[in-house]
Amino acid sequence: MLDCGMHMGFNDDRRFPDFSYITQNGRLTDFLDCVIISHFHLDHCGALPYFSEMVGYDGPIYMTHPTQAICPILLEDYRKIAVDKKGEANFFTSQMIKDCMKKVVAVHLHQTVQVDDELEIKAYYAGHVLGAAMFQIKVGSESVVYTGDYNMTPDRHLGAAWIDKCRPNLLITESTYATTIRDSKRCRERDFLKKVHETVERGGKVLIPVFALGRAQELCILLETFWERMNLKVPIYFSTGLTEKANHYYKLFIPWTNQKIRKTFVQRNMFEFKHIKAFDRAFADNPGPMVVFATPGMLHAGQSLQIFRKWAGNEKNMVIMPGYCVQGTVGHKILSGQRKLEMEGRQVLEVKMQVEYMSFSAHADAKGIMQLVGQAEPESVLLVHGEAKKMEFLKQKIEQELRVSCYMPANGETVTLPTSLSIPVGISLGLLKQEMAQGLLPEAKKPRLLHGTLIMKDSNFRLVSSEQALKELGLAEHQLRFTCRVHLHDTRKEQETALRVYSHLKSILKDHCVQHLPDGSVTVESILIQAAAPSEDPGTKVLLVSWTYQDEELGSFLTSLLKKGLPQALS
Amino acid sequence: MDPEDDWLVESLRLYQDFYAFDLSGATRVLEWIDDKGVFVAGYESLKKNEILHLKLPLRLSVKENQGLFPERDFRVRHGGFSDRSIFDLKHVPHTRLLVTSGLPGCYLQVWQVAEDNDVIKAVNTIAVREKEESLWPRVAVFSSMAPGVLHGARLRSLQVTDLESEKTTYTTDVSDSEELSSLQVLDAGTFAFCCASGRLGLVDTRRKWAPLENRSTGPGSGERWCAEVGNKDQGPGPSIASLGSDGRLCLLDPRNLCHPVSSVQCPVSIPSPDPELLRVTWAPGLKNCLAISGFDGTVQVYDTTSWDGTGSQVEPLFTHRGHIFLERGRMDPAPLVTTHTWHPCRPRTLLSATNDASLHVWDWVDLRTSC
């Protein structure tokens, strides 16, 4: 099972996947060999504790190390919002999250993991967020690659997705990627900078609620770079909770960040910026412009909410929400356009500050998917979360440009793919030499017909010459000899007939060895032709043509040739 | 700090909004279908080209509360394949039909944009009066109860073909072989033409060929001209702009095409590397404002309010340099803007495309009004 996400648009049971699609009866643990989680976003892991602890699954759950570390934090945050803030009943508990994470097996990049004696998986770097991976799933020589969410261009703190030419039978990816043309990263950054700059220029304060391991790092680097370039003196702060957590995780997972970060990290602490300082609660009341990064990201509690309450009433200020907010949070409410919020104790907060929703998540687009398919070279591509009936042009484009088959199943639909099975067979050196001796050079693009004997022992396939096979198996070779009778109208004696046959064949078969033996028979290579006179009819002669299986072709040719009759005698 | 970063910082002051996209193939076409979508089409000669219907990012197309819409990406809403290169594309208003023109100039292709799926399908062709090898027919659409397509590569081959009946409903009946460069429908019965030589004319199709036109094309031959007629809302003053490949821009009043109201010299790099790409457009939402492109990788915006006289040098109100600075390796050749268009509703928003497949959407700041 690939991923186990929460549908963020629903509040009731429809937010969880319908696991009866996997099996109607019987335990999921018996049906699934393993579960793979691609990254820590809630629409990919949000239903995991529900799945494993409430529906019931005890098998292994694979994910990368950063995902394993970060998932439980996000799940707990989400649980708190759903249960404590909204009083949800049918939801997983903190203990369930813990129990679920006990089933997790963490994997490293490019590490082949044997799930069982048939199934193996391997994780590839996907960019997108810290710890995000694409997974290759292999059984024998058949394989599937699931991309999860990925990004083909590096950003300021993560690298770009990469996969080798693994040639899977199938590549599974999102259809959103194929129908989008993405605005450049520069322009997104520009928009963010512009909004921040305009706000501080007019003396306002900018609040940016972030999750410690989301875009905070990226945005801090961006602001630092431009504050330096534009020689700005307006203070930028981030809350201490942010620094500690972020530093801790980035230190753990430094190989997951990009080159630039790794270089700077060696020299100093990740959050040691020239222009960005640690925040103190008291600063929120300071007059004048400032920019503050504070957790948590959805304004649902803690420091970011505190600051928000202080600054919301001033229209000069701005709050920039860098990501999706779950329903029930203040973040979600203001992004829906709500301007009057009911806080604890029936207090109403009027939101006069500007609200900006910006998306910084790194996703691939149509160009990106072409690149990835070009790297992996799958036989087929399967797009999920689109509407196949509506996507004929897209299907054609992918099939034409990438020369792969394209599938677009609807939710609940089963797709069956024919795969070209390739069975690796070892060819003996002797057989190869034999083939080469025939003089024909091998051609890279043309399949070559090889004759040999296939010996299957245990899981070993070997192709050897027939002679070697006979020897190894201690068998004697059978000889097959064909004999054919050709009737000729000839009144002469059989010796003369034989001579005529010899002359005739000698003149035609210039490339072959034609001989007239002392006993009157004619040979062409190993083929023997003897003339006989049947007692009943002196005007008819019978030619007995016999050949071995190896000379089948020549034998057939000779027979049809002789059946045409002999030319009139030339003296 | 690299020049790209420098330009980005400058851009904070110069643009209200700025979006940059990479298309899979360069386009010479930017045609609006309502105010939320545009068509682009490829013009390569040796491979299949795509026609795409792109839906504008939500952030651009919503009228209020833009800040609450984070989406900045184009969506490919429809697509189709063309074996020929496409140099012009026109949408037939109030229908789901498109007409395209390209090389070789033997016919026009009619396409249908599907309703229930994402396909743009070729449905029909329109024969041209005179087959040409290296010229492609200009196209304009008369939209009415029975839409008609005005097309032709030369003055003598101009005709109107009724889309449904495929019958020819108008011809010029002249033997003039002058090559056309722009064609524009003005209302139900009149159209404007501009020849490559600079000859301009306004034609009433309900009368025999007797266009109001200018005969004197000005000194110096060898330049190539194009023109655009502004709409009635431009205000008083000259509503026809004519642009030459030597950088001259003439403003004319339709009542007197023989004497331009003003003629200025634009500061552009001349000669234009591809004069066929020259384009001049009037801003639909601003008075006396036009844009030009086709000389290099920039688009220039001019305020024509105080223009008068002849030969004066003018300075653009705004120059879009994004195509030159953004996302380009040092070894890349300089880009050339292939086409540009104004957003129908947002007064200072333009779209521009280049020969290296970039597409920009930009909303420039009028620095005269901001302090």
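Labels below follow one simple rule: chain letters A, B, ... track the order of the sequence lines, proteins then strands, and each chain is numbered from 1.
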Self-check item: Pair A:Thr176-B:Arg75, side-chain contact (heavy atoms from CB on, under 4.5 Å): steps then yes or no
Solution: CA-CA 9 Å; A:Thr176 348; B:Arg75 274 266 156 192; 3.0 Å; yes

Practice problem: Tell me, with the steps shown, if B:Phe74 and A:Arg182 meet side-chain contact (heavy atoms from CB on, under 4.5 Å). | Solution: CA-CA 6 Å; B:Phe74 270 120; A:Arg182 231 144 134 88; over 6 Å; no

Self-check item: B:Arg72 and A:Cys187, any side-chain heavy atoms less than 4.5 Å apart
Solution: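 Side chain of A:Cys187 against side chain of B:Arg72, heavy atoms only: contact under 4.5 Å found.
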
Quiz item: Are side-chain heavy atoms of B:Asn117 and A:Phe393 found at a separation under 4.5 Å?
Solution: no

Assess whether a salt bridge exists between [X] and [Y], defined as any Lys/Arg side-chain N lying under 4.0 Å from an Asp/Glu carboxylate O.
X        : Y        : value
B:Asp73  : A:Arg188 : yes
A:Glu356 : B:Arg59  : yes
B:Asp6   : A:Arg229 : yes

Taking only heavy atoms into account, what residues of [range] are found under 4.5 Å from chain A?
range                     : result
residues 10-21 of chain B : B:Ser11, B:Leu12, B:Tyr15, B:Gln16, B:Asp17, B:Phe18, B:Tyr19, B:Ala20, B:Phe21
residues 45-56 of chain B : B:Lys48, B:Glu50, B:Leu52, B:Leu54
residues 22-36 of chain B : B:Asp22, B:Leu23, B:Ser24

Quiz item: Should we count CD of B:Glu115 as having more than 12 external heavy atoms under 6.0 Å?
Solution: no

Quiz item: Should we count CZ of B:Arg321 as having more than 12 external heavy atoms under 6.0 Å?
Solution: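 No, the 6.0 Å shell around CZ holds no more than 12 heavy atoms from other groups.
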
Self-check item: B:Asn65 versus chain A, the contacting section by heavy-atom distance below 4.5 Å
Solution: neither

Quiz item: Side chain, backbone, both or neither: which part of B:Ile120 has a heavy atom under 4.5 Å from chain A?
Solution: neither

Given heavy-atom pairs under 4.5 angstrom as the criterion, report whether the side chain, backbone, both or neither of [X] touches chain B.
X        : result
A:Met391 : both
A:Lys195 : side chain
A:Lys367 : side chain
A:Gln396 : both
A:Gln354 : neither

Quiz item: Of the listed residues (B:Leu326, B:Leu359, B:Asp118), which shares the most heavy-atom pairs with chain A below a 4.5 Å separation?
Solution: B:Asp118

Quiz item: With chain A, which of B:Asp116, B:Leu68, B:Val361 has the greatest number of heavy-atom pairs at distances under 4.5 Å?
Solution: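 Of the options given, most contacts go to B:Leu68.
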
Do you know which of [options] has the most heavy-atom pairs with chain B at a distance under 4.5 angstrom?
options                                : answer
A:Arg186, A:Gln400, A:His197           : A:Arg186
A:Lys194, A:Met358, A:Arg190, A:Lys185 : A:Arg190
A:Glu228, A:Met321, A:Glu198, A:Met230 : A:Met230

Quiz item: Who in residues 325-335 of chain A is close to chain B, using a strict under-4.5 Å heavy-atom cut-off?
Solution: A:Ile334, A:Leu335

